[in-house]
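Values below: every heavy atom of this structure, side chains too, minus hydrogens, waters and symmetry copies.
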Amino acid sequence: MKLSMPRYDQAPVLVVGDVMLDRYWHGGTSRISPEAPVPVVKVEQIEDRPGGAANVALNIAALGAPALLVGVTGRDEAAHSLADSLHAAGVQAHFQRIDEQPTIVKLRVMSRHQQLLRMDFEEPFNTDAEALAEDVDGLLAGVKVLVLSDYGKGALKNHQALIQLARARGIPVLADPKGKDFSIYRGASLITPNLSEFEAIVGHCQDEAELVAKGARLMNELELGALLVTRGEHGMTLLRPDHPALHLPARAREVFDVTGAGDTVISTLAASIAAGEELPQAVALANLAAGIVVGKLGTAAISAPELRRAVQREEGSERGVVSVEQLLLALEDARAHGEKIVFTNGCFDILHAGHVTYLEQARAQGDRLVLAVNDDASVARLKGPGRPINAVDRRMAVLAGLGAVDWVVSFAEDTPENLLRQVKPDVLVKGGDYGIDQVVGAEIVRAYGGEVRVLGLVENSSTTAIVEKIRSK
């Protein structure tokens, strides 16, 4: 399955559900309390993070998608902290504030990156379901996907009304379900239970075949568009009517903390679908995102650069021989990390010491080196009959093995000008004894503020000379 980074900036998503504040008290422990056999934590840092539905919205915003949020809070300090954090992240939050009820707070006491204690401050909300539906209806016109983030805390009391509002506008509805009655999600485009939640509804599944069969019955009974079962270390299973089951393996290299992993899954799914991705590709992206988030401590959001880099690893474009599409994706990530892009080009028919030295010098002009290589037809036009000696795929494979080269891409024209217009390097480098104005593409790079540099050639190193020497013998 081919993956690419979606245009999340054009994918507005509305999240409705149970918002909460995840609060962390961090401190060191050096002794046991004399009052009870428990560690004493000297609190040195207090950290607040949006949790629940608020974390879903935060993850969507972190991917670069416009995120809207409707939820219920009290009128208290925790609600203000939530609102401030969400506003700073670019989330458009609409809270129904209820007097004399506390905002849900989950307090975790942490020491040396380990959770020692969790305390929950919560009461089920007496939500005004009609007012909440009116808020949602007023926001649906500007979004492409609706997410129901249900933690069973009382914010969502009218699931069917919200689903029907979205369906009337042709907007997909994704639901992260809770409880033992999934009928409230009837007609949703996709629900994303974990395995425990799924088995609480359909019963224990002995194997994947039974999981698929019971999932198919559940989809038919509830008129669901699709069902995604998240299975921890066993990955994910996507079920769709009239399609074979899609099983995706877990991608985590090291599981550190599963807090908020479900939020990451549904947020990445929602943003990807809103950006126009097909469901299998959206699920694959969500699987990659989940593999990243479980390697973090506590409730955390996945940024677009993190997901982009994971996509690059998946597609094999982190470095080496790439297509133009893969290159542009890799460059987007490199720039997001503040890396300076250097570009050079040539035929590189028979690799010699002069090439290696030149490419090392070119790489030293920045952080990443893009090497554009003429394809076989353009080499023949430039160098004459009998050239190239080595086909373009072999030339690129050898060049990709050099430590100085990050990405190798081919081009078919006699000059790399079209490629330069797409890549827009920070520095264009060429070797030779001519002036900057004579470098092909110099005017393109200088027009947008890039630099053009000419490096010297290593003497007595020439592919043409090597070819003539071989021929003469």
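When the salt bridge (charged side-chain N to carboxylate O under 4.0 Å, His left out) test is applied to Arg75, the partners found at least two apart in sequence or on another chain are Asp99. Shown here are the salt bridge (charged side-chain N to carboxylate O under 4.0 Å, His left out) partners of Arg363, two or more places apart in sequence or in another chain: Asp406. Residues forming a salt bridge (charged side-chain N to carboxylate O under 4.0 Å, His left out) with Glu134 (at least two apart in sequence, or on another chain): none. Listed by chain and residue number, Lys106, Arg118 satisfy the side chain to side chain donor-acceptor pair (under 3.5 Å) test with Asp120 (two or more places apart in sequence, or in another chain). For Lys153, the side chain to side chain donor-acceptor pair (under 3.5 Å) partners are Glu122, not counting sequence neighbours. Under the rule for a side chain to side chain donor-acceptor pair (under 3.5 Å), His234 has no partner lying at least two apart in sequence or in another chain. Not counting sequence neighbours, the partners of Lys340 by the salt bridge (charged side-chain N to carboxylate O under 4.0 Å, His left out) test are Glu451. With sequence neighbours excluded, the residues that form a side chain to side chain donor-acceptor pair (under 3.5 Å) with Ser272 are Tyr8.
Residues Ala270 and Val145 share a closest heavy-atom pair of O-CG2, 3.7 Å. Of all heavy-atom pairs spanning Ala53 and Val15, the tightest one is O-CG1, 3.7 Å. Gly71 and Val19 make their closest contact through CA-CG1, 4.2 Å (heavy atoms, listed as atom of the first residue, atom of the second, distance). Smallest separation of non-hydrogen atoms from Ala78 and Thr103: CB-CB, 3.9 Å. Across all non-hydrogen atoms, the minimal contact from Ile266 to Ala175 is CD1-C, 3.7 Å. The two residues Pro425 and Tyr448 come nearest to each other via the heavy atoms O-OH, 2.6 Å.
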Pair up each side-chain donor or acceptor in residues 210-219 with any protein partner under 3.5 Å, not counting sequence neighbours, and list the distances.
| unit_1 | atom_1 | unit_2 | atom_2 | d |
| --- | --- | --- | --- | --- |
| Glu210 | OE1 | Gln206 | N | 2.7 |
| Glu210 | OE2 | Lys214 | NZ | 3.0 |
| Lys214 | NZ | Val202 | O | 3.4 |
| Lys214 | NZ | His204 | O | 2.9 |

Contacts table for residues 160-173: side-chain donor-acceptor under 3.5 angstrom, sequence neighbours left out:
| unit_1 | atom_1 | unit_2 | atom_2 | d |
| --- | --- | --- | --- | --- |
| Gln160 | NE2 | Ile184 | O | 3.1 |
| Gln160 | NE2 | Arg186 | O | 2.9 |
| Arg167 | NH1 | Gly187 | O | 3.4 |
| Arg169 | NH2 | Asp137 | OD1 | 3.4 |

Just distance, no hydrogens or angles: give the donor-acceptor pairs under 3.5 Å from side chains in residues 125-132, sequence neighbours left out.
| unit_1 | atom_1 | unit_2 | atom_2 | d |
| --- | --- | --- | --- | --- |
| Thr127 | OG1 | Gly154 | O | 2.6 |
| Asp128 | OD1 | Glu130 | N | 3.3 |
| Asp128 | OD1 | Ala131 | N | 3.1 |

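Atoms CE and CG, on Met236 and Leu246 in that order, are 10.5 Å from each other to the nearest 0.5 Å. Here CD of Glu199 is found 11.5 Å from CD1 of Ile201. Values are rounded to the nearest 0.5 Å. Atom CD of Glu197 sits about 6.5 Å away from atom CG of Asp176, to the nearest 0.5 Å. Atom NZ of residue Lys424 and atom CG of residue Leu328 lie 10.5 Å apart, to the nearest 0.5 angstrom. Interatomic distance, Tyr24 OH to Ile46 CD1, rounded to the nearest 0.5 Å: 14.0 Å. Distance CG/Leu288 to OG1/Thr264: 12.5 Å, rounded to 0.5 Å.
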**OP:** Let me see the working for Asp150 and Tyr185 under side-chain hydrogen bond (donor to acceptor under 3.5 Å, both in side chains), right down to the final yes or no.
**Re:** CA-CA 10 Å; Asp150 194 354; Tyr185 308 107; 2.6 Å; yes
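Two residues are said to be in side-chain contact when any heavy atoms from C-beta on lie closer than 4.5 Å; Ile98 and Gln96 meet this criterion. A 4.5 Å side-chain heavy-atom check between Thr29 and Val40 finds every atom pair outside the cut-off. Considering only heavy atoms from C-beta on, Val147 comes within 4.5 Å of Val56 through its side chain. Residues Leu369 and Phe343 form no side-chain contact, since every pair of their non-hydrogen atoms from C-beta on lies 4.5 Å or further apart. Residues Leu14 and Val136 form a side-chain contact, since some pair of their non-hydrogen atoms from C-beta on lies under 4.5 Å apart. The side-chain heavy atoms of Val373 and Val408, taken from C-beta on, include a pair separated by under 4.5 Å. Between Gln92 and Leu139, some side-chain heavy-atom pair lies under the 4.5 Å cut-off. Residues Met20 and Val105 are not in side-chain contact: their nearest non-hydrogen atoms beyond the backbone lie 4.5 Å or more apart.
No more than 12 heavy atoms of other residues, nucleotides or ligands sit less than 6.0 Å from atom CD of Glu100. The local environment of CD in Glu35 is sparse, with at most 12 non-hydrogen atoms from other residues, nucleotides or ligands closer than 6.0 Å.
Between the side chains of Asn55 and Asp263, at least one donor N or O lies within less than 3.5 Å of an accepting N or O.
Taking 4.0 Å as the cut-off between side-chain N and carboxylate O, Glu47 and Arg23 do not count as a salt-bridged pair. Salt bridge absent: Arg368 and Glu332 never bring a charged side-chain N and a carboxylate O closer than 4.0 Å.
Sorted by first and then second residue, the side chain to side chain donor-acceptor pair (under 3.5 Å) pairs with a member in residues 78-87 read Asp48-Ser81; sequence neighbours excluded.
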